[in-house]
Amino acid sequence: MIKAIRGFNDILPDEIKFWEYIIDTSKKVFKSFGYKEIIIPILEKTDLFLRTIGEATDIVEKEMYTFSDKKGNSITLRPEATAGIIRAYLEHNLYTKETITKLYLIGPMFRYERPQKGRYRQFYQIDAEVLGEERPLVDAEILVMVRQLLNNIGIDDVQIEINSLGCKKCRGLYIKKLISFLEGRKDELCSDCRRRLNINPLRILDCKVEGCRKVIQEAPIILDYLCNECSNHFSDLKTYLGQLELPFIVNPLMVRGLDYYTRTTFEVTTKKLGSQNAVVAGGRYDNLIKELGGPDIPAIGFAMGIERLVLLLKEKGFKPYITPLIFVASLGEDAKKEAINLVKNLREASFSVEMDYSLKSLKAQLKRADKLNAKYVLIIGEDELANEEIIIRDMEKANQEKIKKDYILNYLKEKNL
RNA sequence: GUGAGUGUAGCUCAGAUGGUUAGAGCACUGGGUUGUGGCCCCAGAGGCCGAGGGUUCAAGUCCCUUCACUCACCCCA
């Protein structure tokens, strides 16, 4: 038997109920915040990701699905959404159409990592970006939207953490301070962190090893080194969040995996997903568009992991809404002919209708209706055919009545399914 | 890439120290009810015991290899 490849999952119909619900709910929220949907390719030139995500990041170093096409060009399955969105934004000069562009994208991302709970090689993200505004009010609005997305989906029990990584200037200064501090305590760090010291010192801040944590507690923190502009930006954000009554905690140790972030970064975490605790993550990237050869346009965005939302909903015992189903049972050839037209009429009236295709016993038909979780079963037999009647059986209440077949449509409409 | 755990029916799992034809519950099909689902009863179907090799008179069980899944590390949504 050929099986799906590792980390690539089939989303079966039972599961789709959750997905539809999450996506539909999200789209409504996006609409109310003025976002528009964008769909872009899942394959891009490899260079795009090298230039945006950062050559020294784990994503680029070991997690990308990179191939050569038949012409020998290097192409990559997108490991995240932002790079492609910006590419499209620049390619189509969207910034000339409006000063602020709000976009969202829903689709699969690909990273070659070892799968585990809440982490897969093909995974789906709901991604949103605001391009063209640097004021912290936008950062606050985004966080409010994230909160509303999660609330409307029905996920509570999460924590919103924020931090500021400063701009090029102040972060550079901070990193120097951090490195010199850590160099002095080098022998207390784990081997991973000693390696990180040269590659990505910020990463050391969220190391989980006991010894490192001790050192980190005494380490200088980025928030003390922000320049005036960045510092004001961050405190304005906090003021807005206070005014909007959005609970958050400042986590100066929070670091993000992509190089392009500046100033505001944030993460929504839960304790209910095991090790993969981030449900939403994002941040500001004010330099990225310019670095890609575009105009100097600030931006901020985030991504939510759909699989993780599904896990949380399941963990809560959430039951997605199911459209009530009407099942049409019939007995005998003549009744079946009548049933076929009845089904057609009901469907034209937008009811969800299933019928029996065989000429099985009524018992077998009811059994199938039961399995399909039908709310009503319409039964047409020889007697009903002769009297122009239909039996309508309520499967939950386990009672039934006969009504004239001409009234059936109105009767069901009144039920308001 | 590293580590640990687990692979027996569609699903969840039993099968001490190797010993005849490998079991249960749920699900499935049919019947008990010739036109009435769920509950109950009866019957049936369904397994190269993840794959390959080895030890042995004998392997689901022991050994080796390999593959897959799960969780964790790394990292991340």
Side-chain angles (χ1 to χ4, degrees), chain A residues 1-7 9 22 53 56-64 78-82 106-128 146 158 190-193 195-196 199-200 203 206-209 254-258 266-270 273-283 301-312 327 329-332 335 356 359-385 391-400 402:
Chain A
M1 277 294 285
I2 296 174
K3 292 200 223 159
I5 59 187
R6 170 180 292 198
N9 301 122
I22 288 167
I53 296 169
T57 58
D58 275 36
I59 292 181
V60 167
E61 273 184 1
K62 49 184 204 193
E63 295 173 5
M64 293 208 304
R78 63 183 183 199
E80 55 106 43
T82 305
I106 299 172
M109 308 295 156
F110 304 83
R111 288 182 204 170
Y112 192 91
E113 300 178 89
R114 195 81 147 216
Q116 67 188 69
K117 187 179 172 119
R119 184 217 273 172
Y120 313 99
R121 288 183 173 180
Q122 175 172 339
F123 61 102
Y124 289 76
Q125 287 187 338
I126 297 174
D127 185 278
V146 166
V158 290
C190 69
S191 58
D192 276 335
C193 283
R195 184 175 50 84
R196 289 180 182 124
I199 306 163
N200 196 344
R203 279 255 150 271
D206 64 4
C207 182
K208 285 161 193 133
V209 177
M254 188 178 73
V255 194
R256 310 268 44 258
L258 303 100
F266 57 93
E267 225 170 66
V268 180
T269 57
T270 172
L273 282 181
S275 165
Q276 256 46 55
N277 62 354
V279 185
V280 183
F302 68 86
M304 296 199 290
I306 297 184
E307 288 88 345
R308 291 181 186 181
L309 297 174
V310 171
L311 284 171
L312 286 175
F327 188 91
S330 56
L331 291 157
D356 177 68
L359 283 169
K360 281 189 179 170
S361 66
L362 182 57
K363 176 184 171 133
Q365 295 188 44
L366 280 168
K367 224 171 178 172
R368 178 154 171 258
D370 188 49
K371 209 183 319 168
L372 291 171
N373 224 324
K375 185 151 174 54
Y376 295 105
V377 176
L378 307 183
I379 304 171
I380 309 173
E382 311 275 321
D383 300 347
E384 289 74 26
L385 205 56
I391 294 173
I392 176 162
R393 180 174 179 80
D394 184 317
M395 292 297 273
E396 285 156 48
K397 295 187 183 137
N399 57 26
Q400 60 190 42
K402 274 188 186 177

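Here is the naming used below: chain letters follow the sequence lines, and residue numbers restart at 1 for every chain.
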To the nearest angstrom, the CD-C1' distance between A/Gln116 and B/C76 comes to 9 Å

Return the set of residues passing salt bridge (Lys or Arg N to Asp or Glu O under 4.0 Å) with A/Lys371 (not counting sequence neighbours), or none when no residue passes. none

If you measure from the P atom in B/U12 to the same atom in B/A58, how many Å do you get, rounded? 34 Å

How about A/Lys360: does its NZ atom have over 12 heavy atoms from other parts shown lying under 6.0 Å from it? no

Mind checking the C1' distance from B/C49 to B/A14? Whole angstroms is fine. 13 Å

Are the side chain of A/Arg121 and the backbone N or O of A/Glu113 linked by a donor-acceptor pair below 3.5 Å? yes

For RNA chain B, the expected dot-bracket line (Watson-Crick or G-U under 3.5 Å, [ ] crossing, | inter-strand) is (((((((..((((.....[...)))).(((((.......))))).....(((((..]....))))))))))))....

A/Met254 CE to B/A77 P: how many Å, rounded? 11 Å

Using only side-chain N and O atoms of A/Ser275, determine if any of them is under 4.0 Å from OP1 or OP2 of B/C73. yes

Using the P atom in both, what is the distance from B/A22 to B/U61, to the nearest Å? 14 Å

A/Gln125 vs B/A77: side-chain N/O to OP1/OP2 distance below 4.0 Å: no

To the nearest angstrom, how far is A/Arg114 atom CZ from B/G5 atom C1'? 13 Å

Quick check on B/C73: is either OP1 or OP2 less than 4.0 Å from any side-chain nitrogen or oxygen of A/Lys117? no

Atom C1', compared across B/U21 and B/C48: separation rounded to whole Å: 16 Å

Categorize A/Met395 for me: base, sugar-phosphate, or nothing, with a 4.0 angstrom heavy-atom threshold over every strand shown. base

For the P atoms, the ones on B/A45 and on B/G10, what distance do you get once it is rounded to whole angstrom? 15 Å

Which value, in whole Å, describes the distance between the C1' atoms of nucleotides B/C11 and B/C28? 12 Å

At under 4.0 Å, does any side-chain N or O of A/Arg6 touch on OP1 or OP2 of B/A68? yes

